[in-house]
Amino acid sequence: MSVLALPAAQPLAESTAQTAAQSVVQSVDWLAIAPPTLAAVVGLAVLVADLFLPEARKAVLGWTSVAGLAAAALLLLPLRDGGRSTFCLTGEPAVCSYTVDRFTLVVQFLVLGGALLAALLSVTTLKDANKALPEGEYWFLLLSSAAGAALLPASRDLATLVVALEVASLPAFALVGIRHGDRKSSEAALKFFLSSVTATAVSLMGISFVYACTGSLYLTQVADRIQHVDGRLHTLAAAGVVLTLVGFAFKTAAVPFHFWVPDTYVGAPLPVAAYLSVVGKAVGFSGLILVTVVALPSYADAWGPALAALAALTMTVGNVGALRQQATRAYSAVRLLAWSSVGQAGYLLVPIAAAAYSDDPQKSVGSTLAYALMYAAVNLGAFAVAALVGRRSPLNRLTDYRGLYASNPLAALLLAFFLLCLAGLPPGVIGLFAKVTVFSAAVDAGLGWLAVVMAVNVVIALFYYLQWTTLLFRAPEGEPERHRVPAPLTAAVALTGVLGIALSGAPQLVLRFAATGLF
């Protein structure tokens, strides 16, 4: 009897298996994932092409990479309306691993635009290096890191978030130490790697705690379930929240996770330092926003005070560190930019901390994005001029900028403009407005003490920014020498200058993010 029933049972079993298989199949929106995918594909193509191209034609790899990053950025245009998701649960279409909304688009534009400008700087750096930097590996690593950085703001589950974070970070370690035979570069890469791995391990432990409490990795499900965890798990959940923030705080160079920054920026090729200062921060801040505002809003009483304290500590230590730089010390210009980036990270943390106390956390997050867009444009511009000066003065001391106006008036004027934007002084209107927006976010959230700390630090920063600016227009010590500036470097300086001036003329282009919802 049972033997005769087998043929009828087989189709039923096959049907059940087929239904189960279909339930785990997820549709893919290829247009939604196109920007990071294209960057990754171009990176692989460049690596393979490097095997077959003769040395005389290796420059093609650089321009291919620049074109790939530009094309990836252009692919954001069809997505400008947002509202797209993919890799969603079959039974719950609202729970997805990848979402394209306004927040995603803004951060991806910042990441791909920053990577594109870093690539333009890299074209000249690789040519000047005279084969000391392997071109194929360099471009593959830069594009791979950019792909991971572009993936992160669209991630809506903790697993994808961590994978994107590591895809953005691991190539960056190699980029820092890629210069052959340079002990300083190798030491910087090792310090960067060891400290990052430690921070990531702590974050993974935190994520495991959150998963143990909620049974889900999806940010929206975590946000809902963590409010109803068993009372015995509250301490575990709070510990998971704090530990999860550590890895992202490291990426933002928040104090006390900042110690790798000065040595890493000095040891890395200058375009890589510029890339880390902007794209690396974008990765950290977008991850922080997703974990805090989207996944863990109910634990604002845990992460709010922690981020507020980190913001105050970070801006103070960063600005004091920049203030202590000696103008005659080797690489003092790069070190000042490194410490300045730590201080700027403190300002960027203020609105995220304010989101814990605000009635409209999305508005607070918008202030961070508005400030990040301003910072990205002018900081990359400052690094571009530093790369220009570094071609004739490899030690890149602050004293090497004395009399720059006499030898290159346009570069001096643009660097002065970038520094005034970072200081928040006219004619750097966008820098002033962005600081006011961040300041307002703190005041509106009732964080008056943090607003006072920020105001004091803005005054401290004025000293070293203005001191560097005055050097540009002082009489040179010798006869000014004029040097030919390569086209890629000229393009990078010009693009950042035009962008900074345009934003100062129409600051509403970025400040509107501080007044509207992003998710």
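Here the straight-line distance linking atom CG of Leu310 with atom NE2 of His258 works out to 12.0 Å at 0.5 Å rounding. Note that CG of Asp263 is 10.0 Å distant from NZ of Lys184, once rounded to the nearest 0.5 Å. Separation of atoms CG (Leu105) and CZ (Arg80) is listed at 10.5 Å; rounding is to 0.5 Å. Atom CZ of Phe193 sits about 13.0 Å away from atom OG1 of Thr264, to the nearest 0.5 Å. To the nearest 0.5 Å, atoms OG (Ser65) and CD (Glu135) are separated by 9.5 Å. Note: Thr368 OG1 to Phe103 CZ = 9.5 Å, rounded to the nearest 0.5 Å.
No side-chain donor-acceptor contact under 3.5 Å links Ser332 to the backbone of Thr328. In this structure a side-chain-to-backbone donor-acceptor pair under 3.5 Å is missing from Ser203 to Thr200. Trp303 places a side-chain N or O within donor-acceptor distance of the main-chain N or O of Leu296, the cut-off being under 3.5 Å. In terms of modelled atom types and a separation under 3.5 Å, the side chain of Ser364 and the main chain of Ala441 share no donor-acceptor contact. Under the 3.5 Å distance criterion, the side-chain polar atoms of Thr198 are matched with a main-chain donor or acceptor of Leu194. Side chain of Ser145 to main chain of Leu142: no donor-acceptor pair is present (N/O by atom type, distance under 3.5 Å, no hydrogens or angles). The backbone N or O of Leu313 sits nowhere less than 3.5 Å from a side-chain atom of Thr316 that would complete a donor-acceptor pair.
Proximity of Arg391 to Pro486: side-chain heavy atoms (C-beta onward) are separated by under 4.5 Å at one or more points. Taking 4.5 Å as the limit, every side-chain heavy atom of Leu117 sits out of range of all side-chain heavy atoms of Leu121. Side-chain contact between Thr437 and Tyr371 is absent, with no heavy-atom pair separated by less than 4.5 Å. Contact of the Phe140 side chain with the Pro171 side chain is not registered, since no non-hydrogen atoms from C-beta on lie closer than 4.5 Å. No side-chain heavy atom of Tyr464 sits less than 4.5 Å from a side-chain heavy atom of Gln325. Within the 4.5 Å cutoff, the side chain of Asn408 has heavy atoms near those of the Val485 side chain. Counting heavy atoms from C-beta outward, Tyr331 and Leu395 have side chains that approach closer than 4.5 Å. Residues Leu503 and Phe433 have side chains not in contact (no heavy-atom distance under 4.5 Å, counting atoms from C-beta outward).
Here the closest heavy-atom approach between residue Gly68 and residue Val42 is recorded as CA-CG2, 4.0 Å. Closest approach of Val438 to Ser367, counting heavy atoms only: CG2-O, 4.2 Å. Shortest non-hydrogen contact noted between Ala118 and Pro271 is O-CB, 3.7 Å. The shortest non-hydrogen separation linking Leu175 to Pro269 is O-CD, 3.6 Å. Thr314 and Ala253 make their closest contact through CG2-O, 4.0 Å (heavy atoms, listed as atom of the first residue, atom of the second, distance). Leu69 and Ala115 make their closest contact through CD1-O, 3.6 Å (heavy atoms, listed as atom of the first residue, atom of the second, distance).
Note: Phe250 and Phe192 have parallel aromatic rings, judged against thresholds of 30 and 60 degrees for the angle between ring planes. In this structure, Tyr265 and Trp260 have perpendicular ring planes: the angle between them is above 60°, well past the 30° mark.
Within a 6.0 Å radius of OH in Tyr405, no more than 12 heavy atoms belonging to other residues, nucleotides or ligands are found. Taking a 6.0 Å sphere around CZ of Phe109, one finds it holds 12 or fewer heavy atoms contributed by other residues, nucleotides or ligands. The 12-atom threshold is exceeded at CZ of Phe259, counting heavy atoms of other residues, nucleotides or ligands nearer than 6.0 Å.
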**Study point:** Chi angles and distances behind the side-chain contact (heavy atoms from CB on, under 4.5 Å) call for Thr252, Leu348
**Key:** CA-CA 9 Å; Thr252 62; Leu348 285 161; over 6 Å; no
Exercise for review: Report the C-alpha distance between Ser440 and Val436 in whole Å, list the side-chain angles of each, state the deciding distance to 0.1 Å, and finish with yes or no for side-chain contact (heavy atoms from CB on, under 4.5 Å).
Suggested key: CA-CA 6 Å; Ser440 300; Val436 169; 4.0 Å; yes
Exercise for review: Apply the test side-chain contact (heavy atoms from CB on, under 4.5 Å) to residues Ser196 and Lys251: give CA-CA distance (whole Å), side-chain angles for both, the deciding distance (0.1 Å), then the verdict.
Suggested key: CA-CA 8 Å; Ser196 180; Lys251 299 303 176 187; 2.8 Å; yes
Practice item. Take Val320 and Trp339, measure what side-chain contact (heavy atoms from CB on, under 4.5 Å) needs, and give me the verdict at the end. Key: CA-CA 8 Å; Val320 171; Trp339 283 108; over 6 Å; no
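Defined by atom type and a distance below 3.5 Å, a donor-acceptor pair is missing between the side-chain atoms of Tyr357 and Asp444. Donor-acceptor pairing under 3.5 Å is recorded for the side chains of Ser340 and Tyr465. No side-chain N or O of Tyr275 forms a donor-acceptor pair with one of Ser122 less than 3.5 Å apart.
Screening Asn457, Leu425, Asn319, Leu420 against Leu462 for a side chain to side chain contact (heavy atoms under 4.5 Å, CB included) leaves a single residue, Leu425.
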